[in-house]
Amino acid sequence: MANFFDSFSKVSLNGQIQKDKIIGSFGSMPRLDETQSVKTSSFKDTMNNISDALNKDMNAPDEMMRKVMNGEDGVDIHDVMTAMAKAELSVSVATQISSKVIQSYEKIMQISV
């Protein structure tokens with residue numbers, strides 16, 4: 001058992017840990033007096049981007065299936081099945097998001113001023 005645990009002590013994680021996106025590097029925090037302009041997009045742009053991504057995910061399995069049926073290289077039937085699963089998951093998430101948005105809208109409309 002000693003050999004098993006000795007192998008863990010030889011592992012160095014310093015080279016494998018990525019720098020944190022917020023802090024930037026270990027030990028250097030961003031200055032609080034600095035302001036950064038954050039690019040924000042409108043709700044319409046966000047929804048358009050989501051629908052474009054969903055449309056791309058929905059069309060990917062069809063395109064891959066066409067390539068498999070034509071015998072083109074680089075596409076495997078397993079890739080098609082993975083793309084179909086991703087498309088199914090994307091539709092499920094989009095359905096849940098839209099129902100949550102509708103529920104939120106209904107709750108906002110119930111607020112009396």
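Just so it is clear, the model here is predicted, and its values are computed rather than measured.
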Residue set satisfying side chain to side chain donor-acceptor pair (under 3.5 Å) with T40, at least two apart, ordered chain then number -> none

Do any side-chain atoms of residues 99-109 form donor-acceptor pairs under 3.5 angstrom with protein atoms, and if so which ones, sequence neighbours left out?
from : atom 1 : to   : atom 2 : distance (Å)
S99  : OG     : T95  : O      : 3.4
S99  : OG     : Q96  : O      : 2.8
S104 : OG     : K100 : O      : 2.9

Smallest heavy-atom separation, A87 atom then P61 atom, equals CB-CG, 4.1 Å

Residues M64 and V75: closest non-hydrogen pair is O-CG1, 3.7 Å

With hydrophobic residues grouped by side-chain heavy-atom distances under 4.5 Å, do V91 and M84 end up in a single group? no

Distance col, row D76:CG vs M81:CE, nearest 0.5 angstrom, shows 11.5 Å

CG (D73) and NZ (K67) are apart, to the nearest 0.5 Å, by 11.0 Å

query: Does the side chain of D79 pick up a donor-acceptor pair with the side chain of T82 at under 3.5 Å?
result: no

For residues 50-60, please give each side-chain donor-acceptor pair under 3.5 Å, one per line with the distance, not counting sequence neighbours.
from : atom 1 : to  : atom 2 : distance (Å)
S51  : OG     : M47 : O      : 3.3
S51  : OG     : N48 : O      : 2.9
N55  : OD1    : N59 : ND2    : 3.2
D57  : OD2    : S90 : OG     : 3.0
N59  : ND2    : N55 : O      : 3.3

Are there more than 12 heavy atoms of other residues, nucleotides or ligands under 6.0 Å from atom CD of E63? yes

